[in-house]
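Notes to accompany the following structure.
What you see is a predicted model, and the numbers here were worked out from it, not measured in a lab. So that the names make sense, note that chain A is the first sequence line, chain B the second, and so on, each numbered from 1.
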Amino acid sequence: MPSVVGIGVLLPGMQRWVMPDVTALLAARLQAAFDRLSPGADPVLRPSDRADFQVNGALALAKQLGRPPRAIADAVVATAELSDMCERVEVSGPGFVNIVLSEEFLVQRVAEMATDPRLGIEAVPVPEVVVVDYSAPNVAKEMHVGHLRSTVIGDSLCRILGHLGHRVVRENHVGDWGTPFGMLIEHLNDLGEATAVHELSAGDLNSFYQAARRSFDADEVFRERSRRRVVLLQSGDPETLRLWRVLVDQSIAYFDEVYAKLGVLLTDDDIRGESFYNPLLPSVVEDLRAKGLLVEDEGARCVFPPGFTNRHGDPLPLIVQKSDEGYGYAATDLACIRDRVDRLGATRILYVVGSPQAQHLEMCFAVAKMAGWLREGVEAEHVSFGHILGSDHKMLRTRAGASTKLVDLLDEAVTRASSAMTERGRDEDLSEAERIAVARALGIGAVKYADLSNDRTRDYVFDWDRMLAFEGDTGPYLQYAHARIRSIFRRAAAGGTPPAEAGTVVDAEVPDSTAPVSLAAPQERALAVALLGYPAALGAAAKDAEPSKLCAYLYELSSAFTTFYEHCPVLRAPERATRESRLVLAGTTARVLREGLSLLGIEAPERM
RNA sequence: GCCCCCGUAGCUCAGUGGAUAGAGCACCGGCCUCCGGAGCCGGGAGCGCAGGUUCGAGUCCUGCCGGGGGCGCCA
């Protein structure tokens, strides 16, 4: 069964009318005004540092309409229906329109958000079927840092898209087929099944693989056995398949351990390994041949999508079937696309795959379009990402030059988080069990946030001290901001005084999220505006498949909160009404932080 | 050789063609009877180089320089 995330929001009865978010609402109003001047003209609505928003569309329209930009801006201001939202709309400079939202509007929207279980996030009206291809470890091979990015980014995208109401199908394209399995199965035989299983279940996949490799390189007899074993595997020999299954199952059990440690959604049901597509490969080749796309070249069956050339400037082939009749990975990738469109009904396919494979994927997409498998209305996107670099700005490796094992990295993160807590005396009130859980949340969260908060497409420098810092744009900082707000509510629940017994956890919710909100102080207003930006930020992250946009938003929100918190006493507010209003602001901030972090796959502890 | 990505402050990074290019770290100066100071307020410092398109370019185009990646039977 394909995995489904977030389908719940589409169930009858749960679907409810939620007002469009502030940005969308404003954009719609402005669009109507611009349409009257020039149908379809882009208002160019942008956040502004000198107002809440600015509208730049008038300048672009000036030349086209042959009118001064200020006159156009004036016309927009005169005709746009903004009076219920804004307290000031004015033309400035060469023709910008500055928009300042009214306090009444902000108050009303924050109140709606505070009482909305979905925090103002509207389920998309037309859900897509989004297939997310990510993680993709190899059977009988250790997961290393190279798998971190794909797994973490893909996980977050699944969560975000699912939360927005899309039907998400997770696909873990595990490397479980191909010529190396001849060698691996023969090595398994040589070790003896029991010994091999023991070694693999201990998670020592690398030494197993490397030993197989050594035999293959050194021993001609072993090599020949391996080749014959590949043929047996391909032909479906039951005993060979059984041994193959042993390797696969042991590896999957190991992957599950890593996924559990990492805290991602992937389950065994999401595994759609290369072996799954194996039976579909002949028809891929047949269909390409029938469509006249297949070209035999040097014995290999290829498709030459236009626009791709090799080092000599000659057309570059996508090799579908090798000269030895075996299928190349391109065939699998093509079968995969077809399967996702036909069987799963995908309307959007995300490949969370490293940037080196950009050209290969482009070629696959091009061929799939030529063959009609990727039809109109189905988007295939390469969600590309860069390398993780060490402090020397080179690919992260151990001293020995091997790529770092993912489990080692994660264990070190938790260890470092644990000592950071002790150093800062943050663990004094926590029970041992809670201390361990928090250290885990902090360490894993720090690694994930460091990865997710960068522009995917770029390489980033891996730096323990920076990612685990409790200040700056880090996971722990956001978790801290959340924990600090929760602490306010524990105090509020205890009558405004600290709990009598250290270690007592009072799980307090917002006492009254329907209390009237006032935004008299500028820091209160700024926090309200930041809160209302949540839907737009989430939408942008989903549209661009870019979790860093959600990270940037959450960091801005935290900053707005700390400024607010510094200047606006909550529990010590002089008036009861002010105190309750501020509790609503703080409580809503905590909820957005917790939900936002969870959409990144990061836990938000109550205390830390 | 060809193709792709990247080059923004001392460091790590944001910047969907719009006004004076923003953060964090580090540094400097203020604020502590502080609901968690892991903070708040303020400061200095930057778009690799050269052209071009545009009313407007960090953003788009061309060339160059520098870094990374890819380029036929591995995935």
Check every atom of [options] against the side chain of [X] and return the nucleotide holding the closest atom.
X       : options                   : answer
E471(A) : rA19(B), rA14(B), rG39(B) : rG39(B)
D297(A) : rG18(B), rG72(B), rC34(B) : rG72(B)
R491(A) : rC35(B), rC73(B), rU16(B) : rC35(B)
P356(A) : rA19(B), rU12(B), rG69(B) : rG69(B)
Q357(A) : rU12(B), rG69(B), rA75(B) : rA75(B)
D455(A) : rU12(B), rA14(B), rC40(B) : rA14(B)
Y329(A) : rC41(B), rC74(B), rA14(B) : rC74(B)
T563(A) : rG68(B), rG37(B), rC41(B) : rC41(B)

query: Are the charged groups of R70(A) and D74(A) less than 4.0 angstrom apart, N to O?
result: no
task: Could you tell me whether D339(A) and R272(A) make a salt bridge, using a distance below 4.0 angstrom between a side-chain N and a carboxylate O?
output: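 Looking at D339(A) and R272(A), the cut-off is not met.
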What nucleic acid atoms does [X] come within less than 4.0 Å of, heavy atoms only: base, sugar-phosphate, or nothing?
X       : value
P137(A) : nothing
A60(A)  : base
E298(A) : base
T562(A) : sugar-phosphate
A300(A) : base
A483(A) : base
C568(A) : base
E362(A) : nothing
H567(A) : sugar-phosphate
P317(A) : base
V570(A) : base

[N] phosphate, OP1 or OP2, under 4.0 Å from [X] side-chain N/O:
X       : N       : answer
K322(A) : rC74(B) : yes
T179(A) : rC74(B) : no
R484(A) : rG37(B) : yes
R458(A) : rG7(B)  : yes
H382(A) : rC4(B)  : no

message: If only side-chain N and O atoms count, and only distance matters, is there a donor-acceptor pair under 3.5 Å linking Y449(A) with D473(A)?
response: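 On atom types as modelled, these side chains qualify, holding a pair under 3.5 Å.
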message: In the structure I gave you, are the side-chain heavy atoms of L61(A) and F34(A) within less than 4.5 Å of one another anywhere?
response: yes
5' precedence on RNA chain B between G57(A) and Y477(A) (nearest-nucleotide basis): G57(A)
- prompt: Nearest nucleotide by nearest heavy atom, which residue falls closer to the 5' end of RNA chain B, P569(A) or L59(A)?
  reply: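 Checking each residue's closest nucleotide, the 5'-ward one belongs to L59(A).
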Does [X] make a side-chain donor-acceptor contact with the base of [N], cut-off 3.5 Å?
X       : N       : result
S548(A) : rA14(B) : no
N56(A)  : rG17(B) : no
N98(A)  : rA19(B) : yes

[N] to [M] separation - [atom1] atoms, rounded to the nearest Å:
N       : M       : atom1 : result
rG24(B) : rC65(B) : P     : 38 Å
rC47(B) : rA9(B)  : C1'   : 10 Å
rG7(B)  : rC13(B) : C1'   : 13 Å

Rounding to a whole Å, what distance do you find between [X]:[atom1] and [N]:[atom2]?
X       : N       : atom1 : atom2 : result
R466(A) : rU12(B) : CZ    : P     : 8 Å
E566(A) : rG30(B) : CD    : C1'   : 13 Å
Q359(A) : rA75(B) : CD    : C1'   : 15 Å
D42(A)  : rG17(B) : CG    : P     : 10 Å

field: Verdict with reasoning, Y480(A) to Y477(A), per ring-ring contact (aromatic ring centres under 6.0 Å, His included)
entry: CA-CA 5 Å; Y480(A) 175 70; Y477(A) 173 81; 7.4 Å; no
Option from T23(A), N98(A), V529(A) for which side chain to side chain contact (heavy atoms under 4.5 Å, CB included) with F53(A) holds: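 Of all the options given, the one that passes is T23(A).
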field: Per-pair stack call F96(A) and rA19(B), 5.5 Å, 30°
entry: yes
- prompt: Hey, is Y565(A) stacking on rC35(B)? Ring centres under 5.5 Å, planes under 30°.
  reply: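 Stacking is present between rC35(B) and Y565(A), given that their ring centres fall under 5.5 Å apart and the planes under 30°.
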field: Close aromatic pair by centroid cut-off 6.0 Å: Y327(A) and Y277(A)
entry: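 No, ring centres 6.0 Å or more apart.
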